[in-house]
Number of protein chains: 2
Amino acid sequence: MARPSRAVISRAPTLDDVARAAGLSSMTVSRALNTPDQVRPETVKRVLAAVKATGYIPNALAGGLASRRSKLVAVLVPHINDPLFADTLQAMGETLSQRGYQMLLCSAGYTPQTETELVSTLMSRRPDGIVLTGIHHANDLKKIIFNASVPVVETWDITPTPIDMLVGFSHEKAGQATAEYLLGKGYRRPGLVWTTERTAAQRKNGLYEGLARHGITDVPCVESQLPARFADGRAGAAQLLETTESDVIICGSDTLAQGAISELQARGLRVPQDVAVMGFGDLDFAAANVPSITTIALDRRAIGARAATLLANRIEGRSDGEQIIDIGFHLTERESA
Amino acid sequence: MARPSRAVISRAPTLDDVARAAGLSSMTVSRALNTPDQVRPETVKRVLAAVKATGYIPNALAGGLASRRSKLVAVLVPHINDPLFADTLQAMGETLSQRGYQMLLCSAGYTPQTETELVSTLMSRRPDGIVLTGIHHANDLKKIIFNASVPVVETWDITPTPIDMLVGFSHEKAGQATAEYLLGKGYRRPGLVWTTERTAAQRKNGLYEGLARHGITDVPCVESQLPARFADGRAGAAQLLETTESDVIICGSDTLAQGAISELQARGLRVPQDVAVMGFGDLDFAAANVPSITTIALDRRAIGARAATLLANRIEGRSDGEQIIDIGFHLTERESA
DNA sequence: TTGTAAGCGTTATCAA
DNA sequence: TTGATAACGCTTACAA
């Protein structure tokens, strides 16, 4: 049964609807919207008016299918609610958005296993690029990415042999720098409150190496869950105090450090006079804490922004310059150690 | 010119490639992958083998275009790096992932203006659902959503007239509860360290109302930027102490409260004996802080999980039960006030 | 249970 | 500068 002629069209307006409204072909409308330079200014105006009149919103599914460019970037982080990654994500989202890309975000947990499954699912969206956290990935994952030949940026770590591009820094060097700084300050009995995460483990390696070089071994270490919380820092420090006589507590993150400081203060110990505390990450509270937290500062936003830029440039065919970016770190001396 | 038969196919394998490899039609392969119950078990096996052999990864762009279901949920939050939202996002991502949806995440800033633009862009992905933060949205935005007739969940606030579905709680009631609690505790000279965000403003309204009922007006308030940081809490408390004689500092978030407490302690003031401090959000450090922070506890993860469930159910046509969920809040008495 | 045909709403390509 | 036509890779609807 035919509908009455003034029937309301229930489906969303398409390019064809706009074309009809403007008295043009759909191809011209498409050009007016995507490459206005190739269309007469008057025509563009007509199209824009028709777009407004019809309430047209492009269908990126169809567009992506036809053009083989989805304008989508898949981002994998261990945890969205880990404050270390939060600023990176925020900056990445901003930069991607400016460049016309949207962010498909997944939390992958901290195991290569789940990461591979997720990437596989994400690939079905045909993203124009992928952002990975860390440099340790399952071989399956690399194979998938290689077969799809999609640009990748690995972040938050560094290696001379990334899958593709990279923005990060050396966790081992950060660990070593920490060891040297603290030894230079005269601390000799360090204790660790650490997390089980992979990059954290590398920092620990660097740290142990640096300490061992000065004959300090058998360093006690309390491990806590992820993401690291204030309470874990307190508990970790408490546990350390019960079993050892540390003169400095080195923490896997500023959050842990803040908790550790709190625990020490609660026990009437002065920081750093009685026990010093070292953090990692330079989170927003580190500078304002009492005492302020000596830590490894990172430009976390830069990781996100530069990763996004690297990806966007590559996608758009102008990948000039270095594809491995070491954003470095800066040991920031404050009051706590 | 015909290619040699053993030519390497450079493009990604399609359903047709799998079908050819399995000696079946592409439709049967599609069924074997999406609705295996409708296909003979043997056939499914053959398909799965062919999928593995070819390295096939479905094209969700094509699938979404044909089926009109994108399996995508667009999520808008003011800031990704605001710790209040982080747990909500994490839980939402987990639930969506379990239900087979992926999360398109955008930070919208805190203005309805940018939000509308973003939603417009996001709609081009034809998401199956949308998650919004807050209940105050531009009319344009509502129109876009209404025209597209896409399910929406508003979060982190409550109203009897949501656009569609809602998971949140009453900020005004939270403010009132805070006022009543503190008045009951005997505090009479409150000072505020607050943020400029919309829901925070509503809590302030509720708070002022509750205070006014007991004759307390002219409450001093220091406003700080978003997202609220520890340092802002310190600065806010400092400013308050200079100008007034508060017996309790009420903070717009636990982060601010933690900073405020730190500032008071740095000045040799005891919390709560000299000045009390009240927080909001029950962030992970609130219970472990010294002193522990009296705050408004929310099930932030529940907001994310329930919003995701609501959306998934609606999309899948089984939207039973309430569509407006008040997750409530709980004033948690601790040491700081 | 499996297959055929016709879209889904764009863009690439070539022609006018 | 504009238009016609054929993909893009999948699913819906219907047929066998």
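You'll find the side chain of A:Tyr56 reaches within 4.5 Å of the side chain of A:Leu33, heavy atoms only. Within the 4.5 Å cutoff, the side chain of A:Ile80 has no heavy atoms near those of the B:Met92 side chain. Here the side chains of B:Thr155 and B:Thr88 are not in contact, with every heavy-atom distance at 4.5 Å or above. Side-chain contact between B:Ser70 and B:Arg125 is absent, with no heavy atoms from C-beta onward closer than 4.5 Å.
At least one side-chain nitrogen or oxygen of B:Thr43 sits closer than 4.0 Å to the OP1 or OP2 atom of C:dT2. Proximity of B:Ser25 to the phosphate of C:dT2: no side-chain N or O atom is located under 4.0 Å from OP1 or OP2.
Residue pairs meeting the side chain to side chain donor-acceptor pair (under 3.5 Å) criterion with at least one partner in residues 302-316 of chain B, sequence neighbours excluded, are B:Arg99-B:Asn313, B:Arg99-B:Glu316, B:Tyr101-B:Glu316, B:Asp164-B:Arg314, B:Asn313-B:Arg318, B:Arg314-B:Gln323.
When the local axes at the two ends of the helix from C:dT1-D:dA16 to C:dA16-D:dT1 are compared, using 5 base pairs at each end, they differ in direction by 30° after rounding to 10°.
B:Arg68 places its CZ atom 10 Å from the C1' atom of D:dT12, with the value rounded to the nearest Å. Distance CZ (B:Arg11) to P (D:dC8): 8 Å, rounded to an integer number of Å. One can place CG of B:Leu33 at 8 Å from P of D:dT11, the figure rounded to the nearest angstrom. As a whole-Å value, the separation of B:Leu24 CG from C:dT4 P is 11 Å. Spacing between atom CD of A:Gln38 and atom C1' of D:dG3 amounts to 14 Å, rounded to whole angstrom units.
Across B:Thr54 and B:Ala21, no two heavy atoms sit closer than the pair CG2-CB, 4.1 Å.
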Original post:
What string of B, S and - do you get for nucleotides 10-16 of chain C, 5' to 3', if B is base contact, S is sugar-phosphate-only contact and - is no contact with any protein heavy atom under 4.0 Å?
Top reply: BBBB---
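Checked by atom type and distance alone, the side chain of A:Ser124 never pairs as donor or acceptor with a backbone atom of B:Ile57 at under 3.5 Å.
Screening A:Val75, A:Leu141, A:Leu166 for a side chain to side chain contact (heavy atoms under 4.5 Å, CB included) with A:Leu132, the sole residue that qualifies is A:Leu141.
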